[in-house]
Amino acid sequence: MDIFIRTKKYTGPVKSVVLDWAGTAVDYGCLGPVAAFLEIFRRRGVEVTPAEARAPMGLMKKDHIRAMCNMDSVAAKWQAAHGRRPDDSDVDAMYPETEELMVSALANYAEPIPGLIEAIRALRRREIKVGSCTGYTRPMLDVLVPAARSKGYEPDSVVCSSDVPAGRPYPWMCYQNAVNLQTYPFEAMVKIGDTVADIHEGLNAGMWTIALTQTSNDLGLTEDEVEALPLGELEARLAVIETRFKKAGAHFVARGIWDCPRLIDEINERLSRGELPPLA
């Protein structure tokens with residue numbers, strides 16, 4: 001193993017990537033988590049919208065519920081149904097049910113996004129290791145990982161929000177992937193995801209970041225729904241998401257995982273000149 005000492009600039013290639021799961025590697029449009037969040041609030045007489053359920057996506061799931069409860073629109077609906085705003089006791093009550101819902105359903109959302117398997121092969125040809133992280137917890141991944149494996153996707157490292165002190169935007173999952181993959185320095189790693197939380201996580205870890213738009217939670221459409229959209233409408237919606245991701249600090253924006261090997265070649269060119277991931 002080559003030893004890098006930070007007395008000079010790193011000019012080697014990308015060594016590892018860290019992929020998010022839903023909306024990035026599997027579950028085109030990130031549909032699995034949304035259904036669970038809609039149901040858990042519905043059980044309490046509160047009809048949240050898919051947009052409200054998607055807004056905090058990428059966070060650890062308990063943090064996600066808390067973020068939804070802190071939204072003015074959701075809190076107003078809760079107030080109308082219960083005569084008060086939601087509080088941490090409500091978050092504590094909803095979280096175990098949410099985990100149960102996701103554990104029971106996630107095997108149905110393990111289909112690799114088109115182009116994933118080919119992209120992973122292309123990365124491995126470049127001798128790049130493949131890590132992963134997620135807002136899902138370990139019981140959720142205990143269902144999702146084997147289901148994805150049966151369909152041809154198996155990363156070298158799997159880290160989830162319940163494995164570390166805190167989920168996104170903290171960098172701990174990325175750091176644990178670095179340990180598992182024995183990769184350093186952090187500029188030799190690339191975080192790939194489909195939410196602002198993914199971008200912030202990668203930036204906080206000192207990694208290059210690639211944000212995905214077309215398969216993302218932000219667009220929130222299945223592959224068939226994307227294909228059915230008029231081209232002009234699709235381009236307009238993707239442009240809005242791209243602007244949001246760039247404003248959040250993404251170094252690169254792509255439509256899907258299929259574009260990432262090409263972008264990693266571009267990162268390699270920049271690394272060869274001694275460049276570091278730019279600050280947001």
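Count residues from 1 along the sequence. Bear in mind the structure is a predicted one, so any value in this text is a computation, not a measurement.
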Worked verdict on Leu19 versus Leu116 for side chain to side chain contact (heavy atoms under 4.5 Å, CB included) = CA-CA 11 Å; Leu19 274 62; Leu116 171 72; 4.0 Å; yes
Side-chain donor or acceptor of [X] paired with backbone N/O of [Y] under 3.5 Å:
X	Y	result
His251	Pro278	yes
Arg126	Ala122	yes
Arg168	Ala197	no
Asp20	Asp194	no
Tyr184	Phe4	yes
Lys191	Leu203	no
Arg149	Glu154	no
Asp27	Gly32	yes
His64	Ala53	yes
Arg244	Val240	no

So, are [X] and [Y] salt-bridged, with charged N and O less than 4.0 Å apart?
X	Y	value
Asp265	Arg262	no
Lys77	Glu47	no
Arg255	Glu235	yes

Is there side-chain contact between [X] and [Y], with at least one heavy-atom pair below 4.5 Å?
X	Y	value
Cys174	Met189	no
Ile257	Pro112	no
Ile113	Thr24	no
Trp208	Leu271	yes

Looking only at side chains, do Ser157 and Asn177 share a donor and an acceptor under 3.5 Å apart?
-> yes
Do the side-chain N and O atoms of Ser89 and Asp87 include a donor-acceptor pair separated by under 3.5 angstrom?
-> yes
Side chain to side chain donor-acceptor pair (under 3.5 Å) partners of residues 132-141, not counting sequence neighbours, each pair once | Trp21-Ser132, Glu99-Thr137, Arg138-Asp163
Is the OH atom of Tyr10 crowded by more than 12 outside heavy atoms at less than 6.0 Å?
-> yes
Residues passing the salt bridge (charged side-chain N to carboxylate O under 4.0 Å, His left out) test with Glu127, sequence neighbours excluded, are none
